[in-house]
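Notes follow once the structure below has been shown.
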Protein chains: 2
Amino acid sequence: MNVKKKITISDVAEKAGVSKSTVSQYINQRYKYMSSETKERIERVINELNFRPNDNARNLKVKKTKVVGILVANILHTLSTEIIQIVEDRLQHNGMKAFVCNSADDPEKEKEYIDLLIAKQVDGIIIFPVGNDYTVYNYLINYSIPIVFVDRLVDGITTDSVLLDNHAASFLAVSTLAEKGHENIAFFTLPIDFPVTPRIERIDGYKKAMAACQLKLREELIFSISKDKIQDALQNCLHFNKPPTAIIAGNDLVLLQILKYLKKNNVSVPEKMAVIGIDNVLYADLYEPSITTIAQPIQQMGLKAAELLLDRIKNESQHPFITYRFAPEIVERNSI
Amino acid sequence: MNVKKKITISDVAEKAGVSKSTVSQYINQRYKYMSSETKERIERVINELNFRPNDNARNLKVKKTKVVGILVANILHTLSTEIIQIVEDRLQHNGMKAFVCNSADDPEKEKEYIDLLIAKQVDGIIIFPVGNDYTVYNYLINYSIPIVFVDRLVDGITTDSVLLDNHAASFLAVSTLAEKGHENIAFFTLPIDFPVTPRIERIDGYKKAMAACQLKLREELIFSISKDKIQDALQNCLHFNKPPTAIIAGNDLVLLQILKYLKKNNVSVPEKMAVIGIDNVLYADLYEPSITTIAQPIQQMGLKAAELLLDRIKNESQHPFITYRFAPEIVERNSI
DNA sequence: CTGAAAGCGCTTACAG
DNA sequence: CTGAAAGCGCTTACAG
């Protein structure tokens, strides 16, 4: 493998016997004032030399890069990849492309990626934020780089945002269970050592829904703990004086732990324990019994996020920032 | 929101009362010949102005970008995101970052992303290839951009590659079933309209394993069809003269379809139908009965891919290209 | 210890 | 229809 020198526009110009300007015109498809002979000659040389223009040079002149960043909190979440797929498809239709970056739940990494995306001069960024330090996101706003938040919000930052109506999600879960006569409903979610919007709002929604359904709120039935502690906590609360007869899983990862425990310990669902999960999961139909879930309208959320970002990128118009809340939907199956 | 002019190195230099060169020295942390007073002054101004150097300009001079591309065939596959997570972590330790791009199973998109990554001058690319047109990948080789293939190979391209020993995977599946006395073993996988390495190799491995186990090969028990046709095909083959008593699912998506069918139709597993899936899936333990799977050593594969790429990027040394084949592992559960 | 100058590979207004 | 020239925002060898 011989290390070949990178081909530049000058090489093409020289070999084609025209000026760099003309080659540049060709690259940018401004054929208007170009003889077809010149055009063909340039085309041939470009193919021969396998020339690819250096975007770094181009972007130095032309301010638009036609690239947006999608910075996800954690790429392992199904929600992230599904939104990515949808957003990308919309971008495609607008001649844009996406670089996906993964914060891996690490605020430090997120900050580095934001710096990198700024440095690469992306036209806009869709962020599933992990950090709670608003100064980081302020860089973007200072640089007038459009951003759209998805799934989570950050205190102190006002921008276009797209997320589930988490209160409604909890309400749907609680009220559905209440109708079936459940009174002792446990709520499990991941930690909120630092504020994570969906977790906080879903807990809050749970509390309000309990009140609305005239059920007694028992704080000891609310668990906000790390993944590996869920099974122990569940085991524990089964020995309460009044153990729960129903569980709401705050997200897909939590649901997985709960189902593992229930299966391992032969707790019959829904007879001994009703289960309802927020987030639709691939295996909801597969479990025995199939699991009732509260689904996010991912398709619409992805489209809205893409649309918001594209609007900001295209026109300079300054409509006020809006936080869009999407209504959840219950998918009734056999676990309640 | 007032559109602020982008801050450049000149702005910083002017405000700090030094030359651009000095600011540049500061940015690149060459403090050796810099008075601490100058250093502090520059630092202060950078913070005040919120200055972020433009990487496009930098990369025009400095050939290394410290960024690699990870181009996945389809970001919805768990394998992709798990490998991304692992690779990224290794890159992090080497001061590099990753831009993830999603081909969405579309060779045209893949080509565009390759062009974009070249244009952005990434230092290297990890590819889960979708296309079968080797000329596309040849661009990269022409440009001396290191590439590592993961999961799939491309005819006509020789480069470092990391993938499962697919023949061994099929062999494990077949021989395990054969030991349990199964003779009529069906194999389901997705289409091979154009060559997709794991699918082809797993079918091939299945055939060889059947021979090795002295079982009669029945071509009509091999299904290479699209996802939505799997359930019908399965239904069909249950009415064969000699229906299969065991099924091997060629990957996670196929397994999902098969389990859906079996559950819907109350086919008892493993009594009436043994099932074994290639690819470990999240819900393997959750299904009733739990599903025996053939797992890829994803951790090791991700690390190897990262290591190979970093080696090529760092040293110019020219060890020959190697295709690494990782041994699969069987995770025995209760479905066989 | 710091600055002036050339150059990276493009684009674009302008001249002809 | 095409080319010469300036400039985008950096870096770096060199001079002082």
Side-chain angles (χ1 to χ4, degrees), chain A residues 4-43 45-46 49-67 115-116 118-123 143, chain B residues 4-43 45-46 49-67 115-116 118-123 143:
Chain A
K4 309 208 180 130
K5 197 183 135 301
K6 298 241 162 112
I7 305 298
T8 73
I9 200 171
S10 304
D11 301 319
V12 176
E14 192 180 343
K15 186 149 182 187
V18 297
S19 76
K20 291 193 298 175
S21 317
T22 307
V23 177
S24 177
Q25 305 286 9
Y26 175 87
I27 296 169
N28 292 288
Q29 309 184 43
R30 282 189 276 274
Y31 305 133
K32 264 199 290 209
Y33 304 122
M34 196 175 299
S35 66
S36 60
E37 194 214 346
T38 305
K39 187 176 156 189
E40 278 159 27
R41 194 136 35 92
I42 295 175
E43 192 165 356
V45 174
I46 285 182
L49 297 179
N50 235 315
F51 170 64
R52 290 280 175 287
N54 180 335
D55 255 17
N56 295 323
R58 170 165 226 274
N59 296 150
L60 209 48
K61 289 294 290 185
V62 180
K63 293 312 180 187
K64 295 285 166 189
T65 55
K66 293 280 187 182
V67 175
D115 278 348
L116 182 62
I118 295 175
K120 294 294 179 189
Q121 317 285 114
V122 292
D123 291 345
Y143 271 83
Chain B
K4 311 210 180 126
K5 197 184 134 300
K6 298 240 161 111
I7 305 297
T8 74
I9 200 171
S10 303
D11 300 320
V12 176
E14 191 179 344
K15 185 149 184 185
V18 298
S19 76
K20 292 192 298 175
S21 318
T22 307
V23 177
S24 177
Q25 305 287 9
Y26 174 86
I27 295 170
N28 292 288
Q29 308 184 43
R30 283 189 275 275
Y31 305 132
K32 263 200 292 210
Y33 303 122
M34 196 176 299
S35 67
S36 60
E37 193 213 346
T38 305
K39 187 175 156 188
E40 278 160 27
R41 195 137 32 94
I42 295 175
E43 191 166 358
V45 172
I46 285 181
L49 298 180
N50 234 314
F51 170 63
R52 291 279 175 286
N54 179 337
D55 256 16
N56 295 321
R58 169 166 225 274
N59 295 151
L60 209 48
K61 289 294 292 184
V62 180
K63 294 312 180 187
K64 295 284 168 190
T65 55
K66 294 278 187 185
V67 174
D115 277 348
L116 182 62
I118 295 176
K120 294 293 180 190
Q121 319 286 113
V122 293
D123 291 347
Y143 271 82

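Numbered from 1 within each chain, the chains take letters A, B, ... in sequence-line order.
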Of K61(B) and K39(B), the one whose closest DNA chain C nucleotide lies more 5'
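Its nucleotide being nearer the 5' end, the pick is K39(B).
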
Atom NZ in K64(A), atom CG in D123(A): separation rounded to 0.5 Å?
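It comes to 5.0 Å.
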
Nearest 0.5 Å, what's the CD-CD distance between E40(A) and E37(A)?
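Between E40(A) CD and E37(A) CD, I get 8.0 Å after rounding to 0.5 Å.
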
Watson-Crick or G-U wobble partner for dG16(C), using a 3.5 Å limit on both distances?
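With both distances under 3.5 Å, dG16(C) matches dC1(D).
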
Taking the minimum atom-to-atom distance to the side chain of [X], which one of [options] wins?
X	options	answer
V18(A)	dG3(C), dG3(D), dT11(D)	dG3(D)
T8(A)	dC1(C), dG9(C), dT2(D)	dG9(C)
F51(B)	dC1(C), dT11(C), dC10(D)	dC10(D)

For residues S24(A) and S21(A), is any side-chain donor paired with an opposing acceptor at under 3.5 Å?
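There is no such pair (donor and acceptor under 3.5 Å, judged by atom type) between the side chains of S24(A) and S21(A).
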
Nearest-angstrom distance from the residue atom [atom1] of [X] to [atom2] of [N]:
X	N	atom1	atom2	answer
L60(B)	dC8(D)	CG	C1'	9 Å
R30(A)	dT2(D)	CZ	P	15 Å
N59(A)	dG9(D)	CG	P	12 Å
R58(B)	dC8(C)	CZ	P	17 Å
Q25(A)	dG3(D)	CD	C1'	10 Å
K120(B)	dC8(C)	NZ	P	21 Å
Y26(A)	dT12(C)	OH	C1'	20 Å
I9(A)	dA4(D)	CD1	P	14 Å

When you check the phosphate oxygens OP1 and OP2 of dC10(C), does a side-chain N or O of N56(A) lie under 4.0 Å from one of them?
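N56(A) to dC10(C) OP1/OP2: no side-chain N or O under 4.0 Å.
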
Looking at A119(B) and N54(A), what are the two nearest heavy atoms and their distance?
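Scanning both residues, the minimum pair turns out to be O-OD1, 3.7 Å.
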
DNA chain D: 5'-proximal contact among T22(A) and A57(A) (nearest heavy atom):
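Mapping each residue to its closest nucleotide by heavy atoms, the 5'-most match is T22(A).
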
At 4.0 Å (heavy atoms only), tell me whether S21(B) reaches a base, stays on the sugar-phosphate, or touches nothing.
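Base contact.
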
I'd like to know if the side chain of R30(A) and the backbone of Q25(A) have a donor-acceptor N/O pair within less than 3.5 Å.
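Such a contact is absent between R30(A) side chain and Q25(A) backbone.
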
